[in-house]
Amino acid sequence: MLRIAFASSDRTTVNLHFGGAESLMIYDVSPGQADLVGIGEFMKAETVGETGRTGLTGTVQDKVLPKLDFVGECAAVYAASIGSSSIRRLMKLGIQPIIVDTGHEILDLLNEVSLALVHGGLAWVDRAKAKALAAPPKETASAGAPRHVLLSSIDDLE
């Protein structure tokens, strides 16, 4: 099983920048199924230009830190965009950052991961799978959480 996060405002497509995401969804993905295990809601990030930072007093909050805490147990994060600083921070935590086109269907991505868990083909899934086998099991979805039945074989397409 792999835990994967998606930056999404509509809960069906990847459509947000990771750093500015107001919501992230986390799924546990196993061959043939995916369970929604968490939805994180974050305050809207305000964009401040470089000149806007001059003369600021007090502490400027790190808008990415709460998101990094939320996705801390994930193997990967899918987003429409991820800044270079966030990419470095995710990778330092052992989380694969994945940038996809805005509007990419989450269900399609879940199916892609499910197939890769069975048949390989995605290097990051192979690495995360090996790492997951060596780690203690994670807490699974609670009763009543949405579950998606996914593809685990190409034969399922027929």
Q: Kindly say whether S8 contributes a backbone atom to a donor-acceptor pair with the side chain of S23 at under 3.5 angstrom?
A: yes
Q: Side chains of E73 and V71: does their closest heavy-atom pair fall under 4.5 Å?
A: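 Counting from C-beta outward, E73 and V71 never come under 4.5 Å.
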Q: If we only count heavy atoms from C-beta on, is the L24 to K67 side-chain gap below 4.5 Å?
A: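 Contact flag for L24/K67 side chains = yes.
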Q: With a 4.5 Å cut-off on side-chain heavy atoms, are C74 and I4 touching?
A: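 Heavy-atom side-chain distance check fails, nothing below 4.5 Å.
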Q: Going by atom type alone, with no hydrogens or angles, which donor-acceptor pairs under 3.5 Å involve a side-chain atom of residues 11-19 and a protein atom two or more places apart or on another chain?
A:
| residue | atom | partner | partner atom | Å |
| --- | --- | --- | --- | --- |
| R11 | NH2 | E41 | OE2 | 3.1 |
| T12 | OG1 | D10 | OD1 | 3.4 |
| T13 | OG1 | D10 | OD1 | 3.1 |
| T13 | OG1 | D10 | OD2 | 2.8 |
| N15 | OD1 | S9 | N | 2.9 |
| N15 | OD1 | S9 | OG | 3.4 |
| N15 | ND2 | S9 | OG | 2.9 |
| H17 | ND1 | G19 | N | 3.0 |
| H17 | ND1 | G20 | N | 3.4 |

Q: When you measure from the centre of the six-membered ring of F42, is the NZ or CZ of K63 closer than 6.0 Å and no more than 45° off the axis?
A: no
Q: Would V113 and V118 show up in the same hydrophobic cluster when neighbours are defined by side-chain heavy atoms closer than 4.5 Å?
A: no
Q: How many angstroms lie between atom CD1 of I98 and atom OH of Y78, to the nearest 0.5 angstrom?
A: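 One gets 4.0 Å once the value is rounded to the nearest 0.5 Å.
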Q: Sequence neighbours left out, what passes side chain to side chain contact (heavy atoms under 4.5 Å, CB included) with A116? Give chain and number order.
A: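 Listed in chain order: L122, V125.
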Q: Within the structure provided, determine whether I26 and L36 are in side-chain contact (heavy-atom separation under 4.5 Å).
A: no
Q: Which distance, rounded to the nearest 0.5 Å, do you find between the CD1 of I39 and the CE of M25?
A: 5.0 Å
Q: With sequence neighbours excluded, give me every salt bridge (charged side-chain N to carboxylate O under 4.0 Å, His left out) pair touching residues 87-96.
A: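 Checked against salt bridge (charged side-chain N to carboxylate O under 4.0 Å, His left out) - neighbours excluded - the pairs reaching residues 87-96 are D62-R89.
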Q: Got a sec, which pairs hit salt bridge (charged side-chain N to carboxylate O under 4.0 Å, His left out) with one end in residues 106-132, sequence neighbours left out?
A: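 Listed by first then second residue: nothing to list.
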Q: Heavy atoms, side chains only, cut-off 4.5 Å: are P97 and V77 in contact?
A: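 With C-beta onward as the side chain, the pair stays apart.
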Q: Restricting to pairs with a member in residues 92-113, which pass ring pair (Phe, Tyr, Trp, His ring centres under 6.0 Å), not counting sequence neighbours?
A: none
Q: Could you list the residues that satisfy side chain to side chain contact (heavy atoms under 4.5 Å, CB included) with A34, not counting sequence neighbours?
A: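 With neighbours one apart ignored, the set is Y27, V29, L110, H148, L150.
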